[in-house]
K.L.:
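Got a structure for you, questions after.
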Amino acid sequence: MAKYLRILLVVAVLGWLALSSQSSVEAARYRAGAARAAAQQRRREAPKGPMPRLADGKPDLSGVWNGGGPIEDITVGLPKGETIPILPEAQKIMAARQSKDDPEANCLPTGIPRIAPYPWRIIQTPTHIFFLFEGNIHSYRQIFMSVSKHPDDLDPTWYGHSIGHWEGDTLVVDTIGFNDKFWFDFVGHPHTEKLHTIERYTRKDLGTLVNEVTIDDPGAYSKPFTVTFTARLLPGEELMEYICQENEQDTKHIQGPARKP
Amino acid sequence: MRAKLSVLFAGVSLLIAVAPAIAHHAFAAEYDANKPVTLKGKVTKFEWTNPHARFYVDVVDENGKVTNWNCELASPNVLKRNGWSSKLLNVGDVITVEGSAAKDGAKMANAKTVTLANGQKVFAGSTGGDNAPVNP
């Protein structure tokens with residue numbers, strides 16, 4: 001009976017392949033790739049299990065993640081009912097922003113806490129934690145784990161100067177020294193060089209990393225506010241190359257004010 | 001047996017399921033989902049590049065006039081994760097593209113699907129229209 005079933009399955013598969021009338025090597029490769037993508041998608045939906053720990057007992061945050069920061073609009077991360085305490089001057093800057101000028105569309109880094117819609121990897125060492133970004137741009141953040149104080153002569157940069165420490169099972173990353181060039185999201189929420197971010201990363205379980213980030217920027221917002229985003233583990237995924245500057249043709253055709261995708 | 005067969009067909013239907021893609025720029029600021037285009041023609045160039053893979057198609061109108069269209073796909077990493085490769089399209093292939101035209105009137109389109117020379121219809125990684133972006 002089992003043998004009969006196997007034969008029937010093979011016949012059914014062959015029949016389906018014949019019906020689809022695609023015989024080229026490329027078509028077969030495409031089908032195999034699409035099947036891999038579908039399998040990956042299924043794995044992505046439910047990576048279950050407890051939070052892993054390193055030998056020293058600290059949470060192990062390593063893995064390839066997706067999300068975990070604002071993409072379209074930072075305000076979706078606010079607690080229900082809260083509004084963003086944006087100052088009138090910053091509101092004016094935001095209202096004047098044009099979609100074509102979004103640094104992300106121009107192949108520049110996302111800054112913090114914005115995240116690109118591409119996978120990223122956490123690498124943990126005793127002295128540094130690295131965030132490796134596949135996309136936009138093919139770049140990295142470094143978090144100093146054995147430094148207790150920011151230098152007092154920082155020059156403004158896209159990712160600033162990040163120092164980290166553990167509070168229980170939560171990684172707390174404190175960052176200053178930002179430039180004012182990046183946007184928080186597609187809709188163009190701005191900030192100034194006074195920006196100070198405190199990210200609190202907690203791996204709730206194997207597949208879930210929560211980032212609760214406090215934005216403190218008296219240059220653009222009347223008071224600090226906290227937004228929460230969740231990254232999902234992409235089991236079995238590897239980072240790929242993404243050199244955004246290679247063939248960027250969009251920005252000269254993009255029209256209108258900063259907006260969601 | 002019925003159960004086994006339904007598992008098989010569920011597997012087959014998954015082959016055409018694709019993940020929605022979002023890009024690093026605003027689709028709706030560049031392309032108009034209300035300006036659908038169907039372009040049939042010969043591939044003149046295929047660029048497996050970032051931030052978007054692109055191919056160029058010579059489309060001949062009823063008067064014999066040839067227009068070269070620039071068609072945008074997703075990024076190579078998104079395409080690769082959905083089964084593409086840099087060898088899926090070749091110069092000289094006659095293909096059909098369904099997509100959205102550029103807002104500014106340029107001969108550019110964001111491809112939604114591509115029907116290959118062998119008749120196979122493949123995902124093109126469009127970021128707009130009915131393939132709404134999602135927050136991960």
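To find a chain, count down the sequence lines: A is the first, B the second, and so on, and within it residues start at 1. Just so it is clear, the structure is predicted and the values come from calculations on it, not from any experiment.
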K.L.:
Taking only Lys NZ, Arg NE, NH1 and NH2, and the carboxylate oxygens of Asp or Glu, determine whether A:Glu134 and B:Lys80 approach each other closer than 4.0 Å.
P.N.:
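Here A:Glu134 does not pair with B:Lys80 in a salt bridge, since their nearest N and O are not under 4.0 Å apart.
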
K.L.:
If I compare all heavy atoms of B:Ala124 with all of B:Val114, which pair ends up nearest, and what's the gap?
P.N.:
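Where B:Ala124 meets B:Val114 most closely, the heavy atoms are CB-CG2, 4.0 Å.
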
K.L.:
Given that the side chain runs from C-beta out, which part of A:Pro257 has a heavy atom under 4.5 Å from chain B: side chain, backbone, both or neither?
P.N.:
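Neither the backbone nor the side chain of A:Pro257 comes within 4.5 Å of chain B.
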
K.L.:
I need the minimum non-hydrogen distance between A:Ile137 and A:Pro109, along with the two atoms involved.
P.N.:
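Taking A:Ile137 first and A:Pro109 second, the nearest heavy atoms are CD1-CG, 3.9 Å.
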
K.L.:
Could you look at A:Asn136 and say if it's the side chain, the backbone, both or neither that has a heavy atom under 4.5 Å from chain B?
P.N.:
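Answer is side chain: those atoms of A:Asn136 sit under 4.5 Å from chain B.
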
K.L.:
Students often mix this up, so state it plainly: with edges at 30° and 60°, are the rings of A:Phe178 and A:His191 parallel, tilted or perpendicular?
P.N.:
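It falls in the perpendicular class, over 60°.
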
K.L.:
Pick one of side chain, backbone, both or neither for B:Ala28, based on which atoms fall under 4.5 Å of a heavy atom in chain A.
P.N.:
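Both parts, heavy atoms under 4.5 Å.
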
